[in-house]
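Nothing fancy with the numbering, it's 1 onward along the sequence. What you see is a predicted model, and the numbers here were worked out from it, not measured in a lab.
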Amino acid sequence: MDEINKTQIKLSQLLALVAVAEYRNFSEAALRLEMSQSAVSHAIASLEEQLGVVLFYRGRHGAHLTPVGERIKVHASQALRLVNAIEKEADLEKGLQGGVVRVACFRSVATHILPTAIAKFHTIFPDINVKITEDDNFFSIEDSLRAGFADIGFTYLPSSDDFETWEILRDDYIVLLPPKTKLDTQQISWKQLAEFPLIISASGPCHDYIQPYLERAEYPIKIAYEIREDSTIVSMVGQGLGAAILPRLAAEPLPIGIKECNLPVPLQRVIGVAILANALHSPAIYAFLDALKNTGKFAVKMAV
């Protein structure tokens with residue numbers, strides 16, 4: 001049996017292995033790593049060749065770890081955490097004079113929170129870079145924190161004990177109504193809502209919040225469309241295809257004509273920022289956390 005040459009195993013290969021395992025898809029992993037899909041495929045193929053084992057089953061339904069791939073992925077994640085610890089030790093030595101803060105966030109929250117936070121942060125710490133990755137699935141964001149791909153992540157609260165968290169804001173779900181709707185109240189009833197074809201998110205936390213909520217409705221609610229992108233949902237409401245339920249931050253800014261009203265029973269999502277608990281974090285990470293906390297409070301005031 002040929003001996004494995006440890007010097008040939010590259011960090012990029014381990015990053016690709018963990019990312020493909022997380023997303024079960026080469027193209028999604030490539031987006032996450034800011035690499036081309038061919039580069040990710042080559043990294044996995046070359047790692048399999050070096051190790052002499054198959055790491056993934058590949059098929060129409062994506063990429064899934066083989067049994068040996070599962071075991072090797074555990075060690076790859078540990079190796080990446082060690083590399084991350086090395087980088088953080090260096091950042092600790094540099095203090096607030098340099099380094100990188102990696103933030104994983106929802107697109108809707110990023111729009112309203114991050115630009116202001118980064119602008120404030122850079123006025124005080126201009127030499128620290130902030131790297132942002134967007135993902136609408138908070139489970140993926142939490143996995144990125146665990147794997148060492150991100151330092152700070154936005155998530156829904158309450159969260160896992162794996163993380164230390166801080167509440168940033170509470171975002172109300174609202175009903176969006178087509179432009180020609182005649183409704184003279186700010187509070188829609190279950191009966192009125194049931195008169196509209198309903199448009200909701202196709203998957204993710206928003207879908208998981210709304211489905212059980214609608215099951216408690218006093219009238220049968222007809223879900224006409226399940227759409228992934230928030231902007232598409234808003235556009236469909238604007239074309240009169242139905243009403244929609246979305247978090248306020250995901251819906252804004254609303255196009256002219258679309259009407260907004262409150263749900264029959266209030267529903268909120270509680271959004272916080274998280275860092276891995278019991279881990280080494282640089283001063284830059286805590287400094288950026290402070291900027292996020294202050295910006296979150298400002299955003300809540302503006303939304304009220």
Side-chain angles (χ1 to χ4, degrees), residues 22-24 104-113 134-146 153-163 165-178 181 183 185-237 241-252 254 258-274 296 300 303-304:
E22 178 181 336
Y23 289 96
R24 299 182 179 181
C105 61
F106 309 117
R107 290 182 180 89
S108 59
V109 174
T111 301
H112 296 272
I113 299 294
E134 295 178 328
D135 197 315
D136 286 334
N137 190 327
F138 77 96
F139 292 116
S140 296
I141 290 175
E142 292 184 355
D143 285 343
S144 293
L145 290 171
R146 292 187 183 97
F154 283 88
T155 189
Y156 283 32
L157 300 182
S159 185
S160 163
D161 291 339
D162 293 343
F163 307 108
T165 60
W166 295 266
E167 182 178 322
I168 293 297
L169 59 89
R170 297 189 174 217
D171 191 17
D172 291 317
Y173 281 79
I174 57 174
V175 180
L176 306 182
L177 299 174
T181 303
L183 189 68
T185 177
Q186 189 65 27
Q187 180 88 33
I188 196 169
S189 68
W190 285 118
K191 183 178 180 180
Q192 290 169 323
L193 183 62
E195 294 172 358
F196 293 90
L198 191 63
I199 309 168
I200 66 171
S201 296
S203 60
C206 190
H207 180 274
D208 295 342
Y209 266 55
I210 292 172
Q211 280 284 21
Y213 175 84
L214 294 177
E215 290 172 3
R216 302 193 298 269
E218 297 173 359
Y219 289 83
I221 305 294
K222 177 188 174 183
I223 298 176
Y225 304 97
E226 295 189 34
I227 307 297
R228 180 177 177 180
E229 295 294 335
D230 298 333
S231 58
T232 304
I233 293 175
V234 174
S235 180
M236 291 176 71
V237 174
L241 295 175
I245 299 175
L246 279 176
R248 185 183 299 278
L249 290 183
E252 293 179 345
L254 288 178
I258 289 182
K259 303 180 186 299
E260 168 197 332
C261 62
N262 299 326
L263 283 164
V265 178
L267 178 66
Q268 281 186 331
R269 60 175 181 172
V270 182
I271 296 173
V273 288
V300 171
V304 172

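For the pair I245/L267, no side-chain contact is recorded, criterion being any heavy-atom separation below 4.5 Å from C-beta on. Contact annotation: the side chain of E22 approaches that of S144 to within less than 4.5 Å [non-hydrogen atoms, C-beta and beyond].
Summarising the geometry, atom CD1 belonging to I188 is positioned 8.0 Å from atom CD belonging to E195; distances are rounded to the nearest 0.5 Å. With rounding to the nearest 0.5 Å, the separation of CD1 in I258 from CG in L177 is 9.5 Å. Note that SG of C261 is 8.0 Å distant from CG of L193, once rounded to the nearest 0.5 Å. To the nearest 0.5 Å, the span separating CG on L246 from CD on E252 amounts to 11.0 Å. For the atom pair OH (Y209) and OG (S201), the distance works out to 13.0 Å, reported to the nearest 0.5 Å. In this structure, the separation between CD1 on I221 and CD on Q211 is 11.5 Å, given to the nearest 0.5 Å.
Using a 4.0 Å cut-off between charged nitrogen and carboxylate oxygen, R269 and D171 count as a salt-bridge pair.
Between F106 and Y156, the two ring planes are perpendicular [angle over 60°; tilted spans 30° to 60°].
Every residue two or more places apart in sequence or in another chain that forms a salt bridge (charged side-chain N to carboxylate O under 4.0 Å, His left out) with E142 is listed here: R146.
At least one donor-acceptor pair closer than 3.5 Å links the side chain of Y213 to the backbone N or O of V265. Using a distance-only test at 3.5 Å, with no hydrogens or angles considered, no donor-acceptor pair links the side chain of E260 to the main chain of V175. With hydrogens and angles ignored, the 3.5 Å screen pairs a side-chain donor or acceptor of Q187 with a backbone N or O of P264.
For G153 against I141, the heavy-atom pair with the smallest separation is CA-CG2, 3.8 Å. In terms of heavy-atom proximity, L214 sits nearest to L198 at CD1-CD2, 3.6 Å. What you find for S140 and D135 is that their closest heavy atoms are CB-OD2, 3.4 Å. Taking every heavy atom of both residues into account, F196 and T181 meet most closely at CZ-CG2, 3.6 Å. Shortest non-hydrogen contact noted between E167 and R170 is OE2-NE, 2.9 Å. Taking all atoms of both residues into account, the shortest heavy-atom contact from A243 to V237 is C-CG2, 4.2 Å.
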### Query
Step by step, would you call L145 with F163 a side-chain contact (heavy atoms from CB on, under 4.5 Å)?
CA-CA 9 Å; L145 290 171; F163 307 108; 3.6 Å; yes

With a cut-off of 3.5 Å and sequence neighbours excluded, list every side-chain donor-acceptor pair involving residues 222-233.
{"from": "E226", "atom 1": "OE1", "to": "H207", "atom 2": "NE2", "distance (Å)": "3.4"}

